[in-house]
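These numbers were taken from a predicted model, which means no experiment stands behind them. Counting convention: from 1, in listed order, for ligands and their atoms alike.
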Amino acid sequence: MKPIPYGRQHITEEDLAAVVNALKSDFLTQGPAIPEFEAAFAAYIGCKFAVAVNNGTAALHLAALAIGVNENSHVITTPVTFAASANCVRYCGGKVSFVDIDSETALMDIDKLEALLKASPRGTYSGIIPVDFAGYPINAEQFRALADEYGLWIIEDACHAPGAFFIDKNGEKQISGNGRFSEMAIYSFHPVKHIACGEGGMITTNDEELYKKLQLLRTHGITKDPSIMEENDGGWYYEMVDLGYNYRLTDFQAALGSSQLKRADNGLAARKAIAKKYDAAFAGTTIRPLQPHPQDGHAYHLYVIRVDDRKGLYDHLRRKDIFAQVHYIPVHTLPYYQSLGFKQGDFPVAEKYYSQCLSLPMYPTLTHEEQEFVINEVKSFGK
Ligand SMILES: *Cc1c(COP(=O)(O)O)cnc(C)c1O
């Protein structure tokens with residue numbers, strides 16, 4: 001059997017044709033494929049605006065800039081996430097705090113968040129960056145209520161969760177990142193994520209002002225829009241009105257993204273079917289899947305189990321060419337964050353989770369035979 005990774009992209013003939021088409025067009029960097037991808041993605045998520053950028057980290061950085069993070073900002077995120085969820089605050093000079101996770105979902109624990117906010121003087125914090133970890137969506141309605149009470153903004157890191165949804169208190173389906181509860185949500189199109197562009201990212205929002213700001217910051221803060229410019233010397237004229245970056249996605253990557261997006265629902269269905277098989281296989285064993293009460297809206301970027309001898313299982317699977325992975329080393333324990341004053345022991349639930357977690361192979365093209373092989377190896381090690 002071929003080596004089995006924990007995640008991988010799926011590129012079809014149709015994807016290849018879309019990329020070749022874009023490469024043969026007049027545009028390599030931002031061209032017509034960008035607004036097409038943005039419009040299709042906004043429609044998929046059910047929000048008004050989407051801004052494509054060159055990766056998920058850039059999406060976080062621009063979202064933080066657009067919402068006004070600066071040296072005076074203090075932002076709360078979760079320790080169980082990719083470092084970029086916290087780093088974006090540091091890029092803007094802001095201060096990061098963490099709130100420990102719920103042990104059964106590994107999402108930021110909203111009760112602990114509330115306790116922290118209650119115990120802090122009003123105005124201490126500016127915003128929250130919650131993460132839809134593994135594809136399990138936060139209840140953004142509950143986060144919104146708390147954010148409103150304390151005057152905070154929300155940037156939802158939905159990199160694991162395109163197409164995820166939760167059921168609101170009226171029983172209605174709310175797609176994560178649809179802009180009704182969070183000011184912005186961000187996505188990544190790294191090959192292990194649901195939609196692959198090679199590198200790529202997206203920011204979704206319903207706020208037109210943020211939308212315009214994001215577009216400006218994506219291209220150096222430079223505009224040719226006469227309604228923003230102070231003067232207009234001629235056809236060549238542009239103004240740089242803010243300090244922006246070059247965070248553009250290329251047109252051929254956007255073409256790949258659009259092509260992939262067309263199959264997103266199939267991919268989600270395949271991920272859910274794989275999760276269901278794992279759930280059934282591990283029921284009644286010592287292998288404890290994370291998020292044991294899955295909502296229908298789980299997008300299953302990852303399928304995480306918790307075991308006592310995690311390193312033993314990881315090494316055993318590697319010997320069988322099964323490349324399980326650990327998500328994540330808690331951000332506050334990374335040397336950079338330790339240098340800011342965080343230490344082991346600060347967030348014990350996250351640290352305990354880290355000592356036990358392992359992400360099993362989860363991607364739409366994982367075959368039945370491959371999954372059976374993984375399940376058998378996991379279970380036989382457990383014995
Ligand atoms: C992948 C990921 C990112 C960063 O995305 P890139 O496209 O790799 O820059 C940020 N946050 C989370 C939770 C991610 O999984």
Side-chain angles (χ1 to χ4, degrees), residues 5-9 37 41 50-65 69 75-92 96 98-99 101 105-108 127-138 140 154-164 176-177 182 184-204 214 218 245-250 253-254 256-257 260-261 271 290-291 298-304 325-332 334 336-337 350 353-354 357 359 362-363:
Y6 83 90
R8 67 162 298 157
Q9 73 276 18
F37 185 33
F41 196 80
V51 179
V53 292
N54 55 347
N55 58 64
T57 304
L60 279 162
H61 186 191
L62 287 197
L65 280 173
V69 176
V75 178
I76 301 166
T77 189
T78 162
V80 175
T81 184
F82 184 57
S85 312
N87 293 350
C88 65
V89 176
R90 300 293 305 138
Y91 296 157
C92 306
V96 177
F98 300 95
V99 161
I101 59 166
T105 63
L107 301 185
M108 184 192 291
I128 327 167
I129 305 180
V131 178
D132 300 311
F133 180 71
Y136 194 84
I138 59 157
I154 303 173
I155 296 172
E156 186 170 347
D157 184 338
C159 282
H160 295 184
S176 302
S182 307
M184 286 172 275
I186 74 101
Y187 298 85
S188 162
F189 305 126
H190 180 281
V192 296
K193 310 284 165 77
H194 291 56
I195 295 162
C197 289
E199 298 278 1
M202 193 77 83
I203 306 149
T204 59
L214 291 166
R218 167 177 67 184
Y245 297 81
N246 177 355
Y247 281 171
R248 291 185 299 258
L249 188 68
T250 66
Q253 286 172 303
L256 177 57
Q260 294 249 314
L261 183 58
R271 287 171 183 274
L290 188 63
Q291 301 155 348
H298 199 314
Y300 285 110
H301 165 55
L302 303 174
Y303 188 90
V304 181
Q325 189 54 279
V326 170
H327 297 97
Y328 292 93
I329 301 166
V331 178
H332 70 281
L334 298 171
Y336 171 77
Y337 282 94
Y353 161 80
Y354 165 63
C357 70
S359 304
M362 166 58 84
Y363 49 93

* To do: Please answer whether the main-chain N or O of Ile129 pairs with a side-chain N or O of Thr77 as donor and acceptor at a distance below 3.5 Å.
  => yes
* Report yes if some N/O of Gly56 lies less than 3.5 Å from some N/O of ligand 1; otherwise report no. => yes
* **Backbone N/O of Ile195 and side chain of Gln260: donor-acceptor pair under 3.5 Å** => no
* Asked: Would you say the side-chain atoms of Arg218 pair up with the backbone N or O of Ala52, donor to acceptor, closer than 3.5 Å?
  -> yes
* To do: Step through the shown structure and confirm whether more than 12 heavy atoms of other residues, nucleotides or ligands are within 6.0 Å of CG on Leu334.
  => yes
* Would one find an N or O of Thr57, backbone or side chain, under 3.5 Å from an N or O of ligand 1? -> yes
* Structure fact -> The side chain to side chain contact (heavy atoms under 4.5 Å, CB included) partners of Ala59 (sequence neighbours excluded) come to Val53, Ile186, Ile203
* Structure fact -> Judged by heavy atoms only, the candidate from Cys88, Cys159, Ala134, Pro191 nearest atom 3 (C) of ligand 1 is Cys159
* Taking only heavy atoms of Asn55, which atoms of ligand 1 are found under 4.0 Å from at least one of them? -> 7 (O), 9 (O)
* When you measure from the side chain of Thr204 to the backbone N and O of Gly177, does any donor-acceptor pair fall under 3.5 Å? -> yes
* To do: Do me a favour and list the nearest non-hydrogen protein atom to atom 8 (O) of ligand 1 with residue, atom name and distance?
  => Ser188 OG, 4.0 Å
* Asked: Is Lys193 near ligand 1, meaning one of its heavy atoms is under 4.0 Å from it?
  -> yes
* Does Tyr328 come within less than 4.0 Å of ligand 1, judged by its heavy atoms? -> yes
* Structure fact -> In this structure, atom 11 (N) of ligand 1 is nearest to the protein heavy atom Asp157 OD2, 2.8 Å
* Pairs satisfying side-chain hydrogen bond (donor to acceptor under 3.5 Å, both in side chains), at least one member in residues 51-60, at least two apart -> none
* To do: Check each heavy atom of Thr81 against ligand 1 and say whether those closer than 4.0 Å belong to the side chain, the backbone, both or neither.
  => side chain
